Engineer: 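One structure coming up, written as structure tokens, with questions to follow.
All values reported here derive from a predicted model rather than from experimental measurement.
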2 protein chains.
Amino acid sequence: MPKKRDPDEGPAARERIVEAAAEVFAEKGFGGARVDEIARRAGINKAMLYYHLGDKRVLYEAVLLHFLSGAWQEIEEAVRVSPSSEGRLQALVKAVSAMAASSPHCPKLMLRELATGGADLPEPVLRGMARIALLTKGVLEEGRRRGSFRKADPLMVHLALVGAVMALNASAPIRQKLKARGIQVVPGMDFSQDVGEFLVGLFLTGLVSGRGDPLRKTTRASGGPKRRPVSTRGAVP
Amino acid sequence: MPKKRDPDEGPAARERIVEAAAEVFAEKGFGGARVDEIARRAGINKAMLYYHLGDKRVLYEAVLLHFLSGAWQEIEEAVRVSPSSEGRLQALVKAVSAMAASSPHCPKLMLRELATGGADLPEPVLRGMARIALLTKGVLEEGRRRGSFRKADPLMVHLALVGAVMALNASAPIRQKLKARGIQVVPGMDFSQDVGEFLVGLFLTGLVSGRGDPLRKTTRASGGPKRRPVSTRGAVP
DNA sequence: GTCTATATACCGATAGAC
DNA sequence: GTCTATCGGTATATAGAC
């Protein structure tokens, strides 16, 4: 009886391997990840890993596509069904945020790829990222034409969004370390606000007050400019 | 004659080693960096590297402190001299952006640490990061009390700022890859807008139009908080 | 202070028995 | 399909000659 694992005890070998690989690649990076450790966490022999998936780079490609291939369609769909420019931008921000929040491994993998300049990115992943960047560009340019958005480089918006989303969603360990050094927002270690909603507010109207909360009137069409915000304060001497 | 290197031909050994190490750590990460390669790029023998700096982890610590220790004071100073809440936030954004832009290695190193959850961060670096986060928190809470800012979790703002800044400043290789796949904003491969000014606009007023562009009223000099920055609309006498 | 040579350990990948 | 054993290559770190 060469088989020691009960075939009914969980997902198929390939699935378990990809999940374990995502964990280890996210923690250690492509170069730091050890195939032995991936095999161990998958509960499988290293030789079996090579038998099922191929070498380390093929494994990495499978991990990235596992996280990204589904998310792309959800992002495009979320943008497609929104009726206004602001709604589309809001949908884009929320969808990217949701993708990052869908797995703790996803934002870490993305941040590493940002740091390496995409050196380890396989071609299919690059094409998908280009699709999302083009989608962002389209949303922003249309909103700009309609007068809903001010002038901003679409690629910069895309990169700022990805960076902010991934940093926030990968920040739990850093938050814990900062918390031990004086940064404590609320008694718990979690954020005091929903990450997606925070990002929508940030990208749509920024931090300066004087405009209504964008979340309360999401489907406002692309009409003329909004009412000029009232500067609230005696803060200007 | 054991010495092959002319002592006058450049900076001291330690400086050259740290610079080369920053380069390699930024490109390959802590686990992926090879001590041999650092020594080679520093134009020094590997044994000499150990003689001067100690082991790989001490070397990494020296690299991080080299980039961060000076930047912290500049950030705190830039915030300190700003006369208003909005001006302080603007100064903070610009100072963090300037730090990331000061060296191509800095944003890559920061993104990697975000991805690892600060696992490789030495204690002095962590304390410095906590200082900046606390500074951000103070700026936002004061602005909130004065009515200048809307409600937002200060730690989320800090992490979003760091993520966006580092992603934008480390994005040159990714931009080139995306450019080859249909994303081309302007003929050159550079952004069509200054990164610091884009970020100020994003964090202060977001992308939705209807408010005066805060960038038009900022002083041209980088980090110049001399003039009152933002609230210069005609409606506010 | 500088360099060569090497100890020690580990990793990716495969061969081959079962 | 599964596992053990191992090869070949390479990494960190140090010993020791000069």
Engineer: Rounded to whole angstroms, how far apart are CZ on B:Arg40 and P on C:dC3?
Structural biologist: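 So the two atoms are 16 Å apart, to the nearest Å.
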Engineer: Starting at atom CE of B:Met48, determine the distance to atom P of C:dT2, rounded to an integer number of angstrom.
Structural biologist: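 Result: 4 Å.
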Engineer: Mind checking side-chain contact (heavy atoms from CB on, under 4.5 Å) for A:Arg112 and listing every partner two or more places apart, or none if nothing turns up?
Structural biologist: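 Counting only residues at least two positions away or on another chain, A:Arg112 forms a side-chain contact (heavy atoms from CB on, under 4.5 Å) with B:Ala115, B:Thr116.
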Engineer: Tell me whether the side-chain N/O atoms of A:His52 come closer than 4.0 Å to OP1 or OP2 in D:dT2.
Structural biologist: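 Checking D:dT2 against A:His52, a side-chain N or O does come within under 4.0 Å of OP1 or OP2.
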Engineer: Check B:Glu61 with B:Arg57, please: is the shortest side-chain N to carboxylate O separation under 4.0 Å?
Structural biologist: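 Judged by the 4.0 Å cut-off on N to carboxylate O distance, B:Arg57 and B:Glu61 do not form a salt bridge.
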Engineer: Among residues 19-28 of chain B, which contact DNA chain C at a heavy-atom distance under 4.0 Å?
Structural biologist: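 None, since no heavy atom is under 4.0 Å.
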Engineer: Whole Å only: how far is the CG atom of A:Leu53 from the P atom of C:dA13?
Structural biologist: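 The answer, rounded to whole Å, is 12 Å.
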Engineer: For nucleotides 10-14 of chain D, which of its nitrogen or oxygen atoms have a protein nitrogen or oxygen under 3.5 Å away, and what is each distance?
Structural biologist:
unit_1 : atom_1 : unit_2  : atom_2 : d
D:dA11 : O3'    : B:Arg34 : NH1    : 3.2
D:dT12 : OP1    : B:Ala33 : O      : 3.1
D:dT12 : OP1    : B:Val35 : N      : 3.0
D:dT12 : OP2    : B:Val35 : N      : 3.1
D:dT12 : OP2    : B:Asp36 : OD1    : 3.2
D:dA13 : OP2    : B:Tyr50 : OH     : 2.9
D:dA13 : OP2    : B:Lys56 : N      : 3.2
D:dA13 : N6     : B:Lys46 : NZ     : 2.8

Engineer: So, using side-chain contact (heavy atoms from CB on, under 4.5 Å) as the criterion, who are the partners of A:Glu23 when residues are at least two apart?
Structural biologist: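 Scan of A:Glu23 (side-chain contact (heavy atoms from CB on, under 4.5 Å), adjacent residues dropped) gives A:Glu19, A:Glu27, A:Arg41, A:His105.
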Engineer: Tell me the interatomic distance from A:Tyr51, atom OH, to C:dG16, atom P, rounded to whole angstroms.
Structural biologist: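 The distance from OH of A:Tyr51 to P of C:dG16 comes to 17 Å, rounded to the nearest Å.
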Engineer: Nearest whole angstrom, please: distance from the P of D:dT2 to the CG of A:Leu49.
Structural biologist: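 After rounding, the reported distance stands at 12 Å.
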Engineer: How long is the straight-line distance from CG of B:Leu168 back to CD of B:Gln193, given to the nearest 0.5 Å?
Structural biologist: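 B:Gln193 atom CD to B:Leu168 atom CG measures 10.0 Å (nearest 0.5 Å).
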Engineer: In this structure, how many angstroms lie between the P atom of C:dG1 and the CZ atom of B:Arg14, rounded?
Structural biologist: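 Atom CZ in B:Arg14 sits about 13 Å away from atom P in C:dG1.
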Engineer: What I want to find out is whether A:Glu123 reaches A:Arg127 closely enough, with some N-O distance under 4.0 Å, to be called a salt bridge.
Structural biologist: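 Salt bridge flag = yes for A:Arg127 with A:Glu123.
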Engineer: Is the shortest distance from a Lys or Arg side-chain nitrogen in A:Glu141 or A:Arg144 to a carboxylate oxygen in the other one below 4.0 Å?
Structural biologist: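 A:Arg144 and A:Glu141: not salt-bridged.
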Engineer: Of all residues at least two apart in sequence or in a different chain, which pass the side-chain contact (heavy atoms from CB on, under 4.5 Å) check with A:Ala95?
Structural biologist: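 Counting only residues at least two positions away or on another chain, A:Ala95 forms a side-chain contact (heavy atoms from CB on, under 4.5 Å) with A:Ile75, A:Ala78.
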Engineer: Could you pull out all residues at least two apart from B:Tyr50 that satisfy side-chain hydrogen bond (donor to acceptor under 3.5 Å, both in side chains)?
Structural biologist: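 Testing B:Tyr50 for side-chain hydrogen bond (donor to acceptor under 3.5 Å, both in side chains), a comparison that skips the adjacent residues, returns none.
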Engineer: Ring-plane angle category for A:Phe25 and A:Phe30, please: parallel below 30°, perpendicular beyond 60°, tilted otherwise.
Structural biologist: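 Geometry flag for A:Phe30 against A:Phe25: parallel rings.
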Engineer: Provide, to the nearest angstrom, the distance between the CD1 atom belonging to A:Ile44 and the P atom belonging to D:dG1.
Structural biologist: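 One finds 11 Å between P of D:dG1 and CD1 of A:Ile44, rounded.
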